[in-house]
Structure formats: C-alpha cells, structure tokens
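In what follows, every chain begins at residue 1, and chains take the letters A, B, ... in the order their sequences are listed.
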Protein chains: 2
Amino acid sequence: MSLHHQIRQYLLDQAQMHGWLAHAKIPSERELQTKFHASRITIRDGLTKLESQGFIYRVNRKGWFISPPRLLWDPCHRVNFYQQARDQGMQPETEVVSVNPLYDAPLIRHQFGMDYGNNLELLRLRRLDGRPVMVERIYLRQTDFPGLAQQPLDGSITELFANKYQVQINHESSHILVCGTQSEEAALLGIPEGTACLHIERKRYDANDRLVDYNLEYWRQDALELKVSSRK
Amino acid sequence: MSLHHQIRQYLLDQAQMHGWLAHAKIPSERELQTKFHASRITIRDGLTKLESQGFIYRVNRKGWFISPPRLLWDPCHRVNFYQQARDQGMQPETEVVSVNPLYDAPLIRHQFGMDYGNNLELLRLRRLDGRPVMVERIYLRQTDFPGLAQQPLDGSITELFANKYQVQINHESSHILVCGTQSEEAALLGIPEGTACLHIERKRYDANDRLVDYNLEYWRQDALELKVSSRK
DNA sequence: GAGTGGTCTAGACCACCTT
DNA sequence: AGGTGGTCTAGACCACTCC
C-alpha cells in the first residue's frame with residue numbers, strides 16, 4: 001500500500017476520531033515522519049499528492065490543512081460571487097489588490113481589437129472563510145468606464161457596470177483548464193510558484209457583440225467545482 | 001531562480017533549438033541531473049511541477065514527454081469526440097475495456113432513482129495520437145438498451161442510442177473538478193495512482209427528464225481545455 | 001528562539017521496458 | 001543487461017511565522 005494512501009487513511013481516521021473539520025491543521029511533516037518511520041521527502045510526496053487531489057491544502061510555512069468543501073459555481077447562470085458563497089454557507093471576501101492602466105500589453109489589447117485606448121487592469125483576490133481561493137485580473141477599456149477607479153471595486157463588477165454605467169452583459173464565453181500559477185498569483189494565493197491551479201479565461205460581451213471585459217481567474221484547484229448545464 | 005523554472009527554460013530552449021514537437025521525449029532524469037549538477041529528487045520536483053502545469057507528461061517507467069496542445073471541448077454543444085479531435089488535427093481512438101452488469105452499486109443505482117433493474121457499466125479508454133487521455137465509465141439501465149453489449153461500443157454512444165434504440169438525449173448537466181485518479185483509471189492512463197486529473201461527472205436526460213446515462217470521465221489534466229458559452 | 005514548510009544533496013533498491 | 005522512472009532513507013540549510 002503506497003504511502004500517500006496510508007497517510008490519507010491515517011488522516012481520515014484521525015479526522016473522524018477527533019472530529020476535525022474543514023481548515024483543521026494536520027500534524028506537521030516532522031511529526032508524521034516519526035509516526036510513519038519515514039523520511040521527510042516521503043512524507044512530503046504523500047502530502048503533495050493529497051494536495052493535488054484537493055484533500056488538503058497548504059499555507060506557506062505555516063502548515064497543512066484539511067480542505068473545505070468546494071464552492072459550486074455555474075459560469076453560465078453567473079450569479080453574484082457573494083450570493084453563491086453565502087448560499088453555500090461560506091463567508092466571502094474580496095480584496096482589491098491594484099488598479100492600473102496598461103500602457104503596453106499587446107496580448108490584452110489584441111482582445112479588444114482595433115479599439116485601443118488605454119486599457120485598465122483590475123487585480124482582485126477573493127477569499128472564502130478567510131482562505132485565499134482565487135485571483136482575478138479584469139481588463140476593460142478605460143474609456144468605457146470613466147472614473148471606475150474611484151468606484152467601490154470590491155463588490156460585483158457586473159452590477160457596477162449595470163448600475164453606474166448602464167452597460168449590460170449579454171453573453172459570455174469561457175475557457176477552463178489546469179495550468180501553473182505565475183509568481184504574483186502564487187504569492188497572493190499563498191502557494192508556491194508554479195503550483196497547478198484551475199484557470200478560467202472569460203470574455204463578456206454586450207448585446208452588440210462588443211467585448212466589455214476580459215477576465216483571467218486563477219483558482220486554488222481544491223476550491224472550485226464547476227456546474228454546467230446544457231439548454232433544455 | 002527556482003529549479004523548475006531553470007528546467008522549464010532549458011527545455012523550452014532545447015525544444016526550439018532542436019525543433020522538438022509534441023510527444024518528444026525529454027532527457028532522462030539522470031541526464032538532467034548531470035546537466036544541472038542537482039540531485040535526482042530536485043530534478044523530479046521540477047519535472048513534477050512542470051507536469052502539474054501541463055507542460056510535460058510522463059509514461060510509466062518510460063520517460064517524460066512534451067505535452068501536445070489540449071483538445072478543445074464544449075460539453076454543452078456536445079459534438080462527437082471523433083469529429084472534435086479530427087477537426088483539431090488529432091487522431092482519436094476508443095478502446096472498450098469492459099462491459100459489466102452492476103449487481104450491487106448503491107451509489108450508481110441511486111442516480112437512477114427507484115427505477116432499479118440491473119445497471120450496466122461500460123468502461124472505455126480514449127486516446128489521442130496514441131496517448132491515453134481519458135477513461136470513462138458510462139452507466140445506464142440494461143432494460144433501456146437490450147442487447148447493447150452486442151453492439152459496437154467504440155463509437156459514439158449518443159449516436160448508438162439514437163440510431164438503434166430511438167433514445168434521444170435532450171439535455172444534460174455536468175460537474176467539473178480536479179481530483180485524484182483511482183488505481184484502475186491510473187493504470188489505464190499509464191500514470192501513478194493518485195495523480196490529479198480533470199474529472200467530469202455528467203448526467204444526460206431525455207425529453208421527459210428521465211436519466212438516460214450517468215457518465216464519469218477522468219482526463220489527464222494536460223489533455224483538455226473546456227469551452228463554455230452562455231446563451232446569447 | 002523554536003517550529004514550520006521550502007529547497008536541496010548523495011546516495012539506495014525496485015519494477016518495468018527496451019534491446 | 002542496461003536504462004528508465006517509482007519509491008525511499010538520512011541527513012542539511014534557509015526563510016518565514018509564532019510566541
């Protein structure tokens with residue numbers, strides 16, 4: 001029986017015995033070493049595998065913790081993040097990390113076609129029950145949303161578009177894949193650079209098929225479960 | 001600069017210099033060891049990280065290879081797997097691993113409600129350009145599809161439903177998440193047990209809202225990119 | 001200062017694949 | 001038989017967190 005199975009079983013047993021809950025800290029790597037008479041690398045291999053399966057997660061230099069249930073999310077019937085989280089008994093938070101004009105970013109500007117103008121990047125970190133779970137970069141045309149940086153940006157961007165600027169999202173297209181985190185995203189999420197994450201790239205359009213915003217999301221891979229339904 | 005970055009950069013440079021393509025074998029771990037004057041564990045850490053990012057993949061005890069482009073897949077406008085793959089210049093194959101009646105599987109039978117009857121499990125392995133990329137388990141009611149096991153099962157199940165049994169899929173619901181592979185799935189995909197994979201759970205219904213089939217897919221995480229559009 | 005994970009070295013033996 | 005990855009030991013030092 002391979003080691004990460006043993007560790008998994010041990011953690012499951014302990015969790016049941018001691019009533020461990022989501023976010024509970026598990027014994028340190030050195031404790032597990034003596035418990036299993038194994039070397040630290042072996043233990044870490046097992047923990048890393050459990051992490052990649054979404055069973056535990058790590059906080060840099062603090063420890064390993066039991067993963068909570070995933071947030072269930074429907075990218076099509078896109079309801080408000082706060083609503084969605086609260087409905088599932090989680091405490092959502094949003095932190096605005098930075099708002100910056102983009103002077104030179106050909107790949108982003110290319111998304112907006114010939115319609116250049118200065119683009120704006122909004123970088124936000126979202127938490128559930130205090131744990132950072134997602135970093136998103138939102139790109140839009142500064143000219144579409146004058147004075148946006150002075151608005152409260154920690155709520156629903158969609159609602160801000162609609163209420164302050166009379167811009168309605170009509171339809172959207174998303175790509176979903178597993179990829180690695182870049183250094184800034186990793187630092188914000190509190191995970192080592194290069195750790196795999198669930199990546200969602202989304203383009204949202206108005207009723208005239210004009211791109212309104214371009215959105216890159218990076219989710220801790222144990223934090224999200226997507227739900228997609230085809231039309232009936 | 002962290003090691004997996006160095007390795008990544010080295011591999012990218014080499015790939016460009018030598019014109020490496022998708023599925024090209026990269027130097028063995030021991031070769032990389034001498035090249036980087038690093039211990040094997042350090043090398044493996046780097047390779048494992050590159051793997052979890054979808055940049056390289058492994059074949060058990062054979063080596064590490066450059067990942068090909070991902071198959072782009074829309075679970076809503078569910079076109080035929082073969083069609084989708086060929087349109088993207090990939091060579092698709094399907095292997096029927098087993099077809100077995102399920103006598104006792106409460107979790108599966110529960111999906112089919114009170115309407116028990118013997119359920120059937122169809123286990124298939126799908127390849128792209130010779131590489132195993134996905135394992136799927138399809139569950140259905142034996143009574144809905146008499147003699148199914150005698151039909152050719154390596155093509156589109158949806159078309160078989162429609163053409164041989166006059167059963168039309170009307171709508172479906174999918175859940176998408178990252179999880180670990182069980183031993184049988186891992187063995188079929190040729191990866192170590194417990195490796196993270198992209199998991200899709202799908203339920204498909206007829207026009208009367210009756211569950212037709214229940215489908216569990218396990219994708220190598222570097223093999224797939226999902227595309228989802230909201231209605232316009 | 002003590003404890004945590006992050007990174008790394010220098011070996012070892014095994015199972016399996018290729019030749 | 002020789003090469004590959006899979007698994008493992010027994011150490012080490014560092015950066016950071018907590019107290």
Problem set entry | Nucleic acid footprint by protein, nucleotides 9-19 of chain D - heavy-atom cut-off 4.0 Å, B for base, S for sugar-phosphate alone | BB-B--BSSS-

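- For B/H175, the ring-ring contact (aromatic ring centres under 6.0 Å, His included) test picks out no residue, with sequence neighbours left out.
- With sequence neighbours excluded, the residues that form a side chain to side chain contact (heavy atoms under 4.5 Å, CB included) with B/V59 are B/Y57, B/K62, B/F65.
- For B/Y82, there are no ring-ring contact (aromatic ring centres under 6.0 Å, His included) partners at least two apart in sequence or on another chain.
- Going from atom CH2 of A/W64 over to atom C1' of C/dG3 covers 17 Å, rounded to whole Å.
- For A/R30, the side chain to side chain contact (heavy atoms under 4.5 Å, CB included) partners are A/S28, A/Q33, A/R40, not counting sequence neighbours.
- By the side chain to side chain contact (heavy atoms under 4.5 Å, CB included) test, B/S98 is found to be paired with B/N100, B/L123, residues two or more places apart in sequence or in another chain being considered.
- Residues of residues 189-197 of chain B having a heavy atom closer than 4.0 Å to DNA chain C: none are found.
- Of the side-chain N and O atoms in B/S28, none sit less than 4.0 angstrom from OP1 or OP2 of D/dG3.
- Using a 4.0 Å cut-off between charged side-chain N and carboxylate O, A/R204 and A/D213 make a salt bridge.
- Sequence neighbours left out, the pairs with a member in residues 178-191 of chain A that pass salt bridge (Lys or Arg N to Asp or Glu O under 4.0 Å) are A/R137-A/E184, A/R137-A/E185.
- Between the C1' atom of C/dT7 and the CG atom of A/D45 lies a distance of 14 Å, rounded to the nearest Å.
- Between the CZ atom of A/R44 and the P atom of C/dT4 there is a distance of 13 Å, given to the nearest Å.
- A search for side chain to side chain contact (heavy atoms under 4.5 Å, CB included) contacts involving A/P101 returns A/Y103, A/L120, A/Q142, not counting sequence neighbours.
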